[in-house]
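What follows is a single structure, written as structure tokens, with notes after it.
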Amino acid sequence: MNPIVEQVDAVLRTAQDNNGVAPIVQAGDPVLRRPAAAYTGQLSDEQLFGLLEVMRATMHAAPGVGLAAPQIGIGVRIAVIEDRVRLPEDQARERERTPLPFMPLVNPSWQPLSNERAAFFEGCLSVRGYQAVTTRFAHVRLRSEDPDGNAHSRDFRGWPARIIQHELDHLDGTLYLDRADIRSLTADDNRGLTQGDPATAAQMLGFSLPPHTPQENS
């Protein structure tokens, strides 16, 4: 049997006994450090759509705004993203955070559309208890397939662009800590010391931000 099929079957069985939710793999598990295999039809429709449902339920339960298949122990290039947070209009505009509808991503890739970058606090469901300031491209183009094999391309700015880069990093065996300024690493319990503001954190913890960094974390 194909290893991907075995991994998916195991996750679906586990989720069935846990209200449709799968355990999230934590840093140190080798699956998070191996590039994921391309999806080439290894799964039946029932398995694929079952996997996507489990990933969505697991993301919501965590809660999070994205989840990649390696985070539940499956080494295949599949991810889901969705941001249901709604901020006041002024905050949403300032932080470039807009609601992101649920999107299943099969064999996704991205490219930057400009050299503009933004640095914000970022966390990860597979690195519980910590956040760190991470610089990302501010404007990207996402290419992916949907579960039916149709190709799509769409451009994103701000927080949605950050979500995409974070989740697709997982498919390449990369954690956000590999890109973060490690001096900014902050336990969740201490995040209030900086009000989640990268500029305040930089001053307090002794690291530098890239030019034109927005002053608030979203």
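Counting begins at 1 with the first residue of the sequence.
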**Q.** Basic-acidic side-chain contact under 4.0 Å: Arg34, Asp172
**A.** no
Q: State plainly whether one hydrophobic cluster holds both Leu51 and Ile24, where clusters connect Ile, Leu, Val, Met, Phe, Trp and Tyr through side-chain heavy atoms under 4.5 angstrom apart.
A: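 They do share one cluster, since a chain of ILVMFWY contacts under 4.5 Å joins Leu51 to Ile24.
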Q. Is it true that Ile72 and Val106 fall in one hydrophobic cluster, defined by side-chain heavy atoms closer than 4.5 Å?
A. yes
Q) Considering residues at least two apart in sequence or located in another chain, which fulfil the ring-ring contact (aromatic ring centres under 6.0 Å, His included) criterion with Tyr39? A)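 Here no residue qualifies.
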Which atoms form the tightest heavy-atom contact between [X] and [Y], and what is the distance?
X: Asp181; Y: Ser208; answer: OD2-O, 4.1 Å
X: Gly75; Y: Val31; answer: N-CG2, 4.4 Å
X: Leu205; Y: Thr186; answer: CD1-OG1, 4.0 Å
X: Ala201; Y: Phe121; answer: CB-CZ, 3.7 Å

Hey, what do you get for [atom1] ([X]) to [atom2] ([Y]), rounding to the nearest 0.5 Å?
X: Leu43; Y: Leu12; atom1: CG; atom2: CG; answer: 8.5 Å
X: Met59; Y: Asp83; atom1: CE; atom2: CG; answer: 9.5 Å
X: Ile4; Y: Gln47; atom1: CD1; atom2: CD; answer: 11.0 Å
X: Leu175; Y: His170; atom1: CG; atom2: NE2; answer: 6.0 Å

Q) Can you check whether Phe156 and Trp110 have ring centres sitting under 6.0 Å from each other? A)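 No; Trp110 has its ring centre 6.0 Å or more from that of Phe156.
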Q) Are side-chain N/O atoms of Arg179 and Gln165 paired as donor and acceptor at under 3.5 Å? A)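 Their side chains do not contain a donor-acceptor pair, so the 3.5 Å distance test is not met.
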Q | Qualifying residue for side-chain contact (heavy atoms from CB on, under 4.5 Å) with Leu168, from Val140, Ile163, Leu142, Ile81 | A |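 So, applying the side-chain contact (heavy atoms from CB on, under 4.5 Å) to Leu168 and each of Val140, Ile163, Leu142, Ile81, only Leu142 qualifies.
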**Q.** Chi angles and distances behind the salt bridge (charged side-chain N to carboxylate O under 4.0 Å, His left out) call for Arg136, Asp169
**A.** CA-CA 11 Å; Arg136 301 279 190 184; Asp169 267 356; 2.8 Å; yes
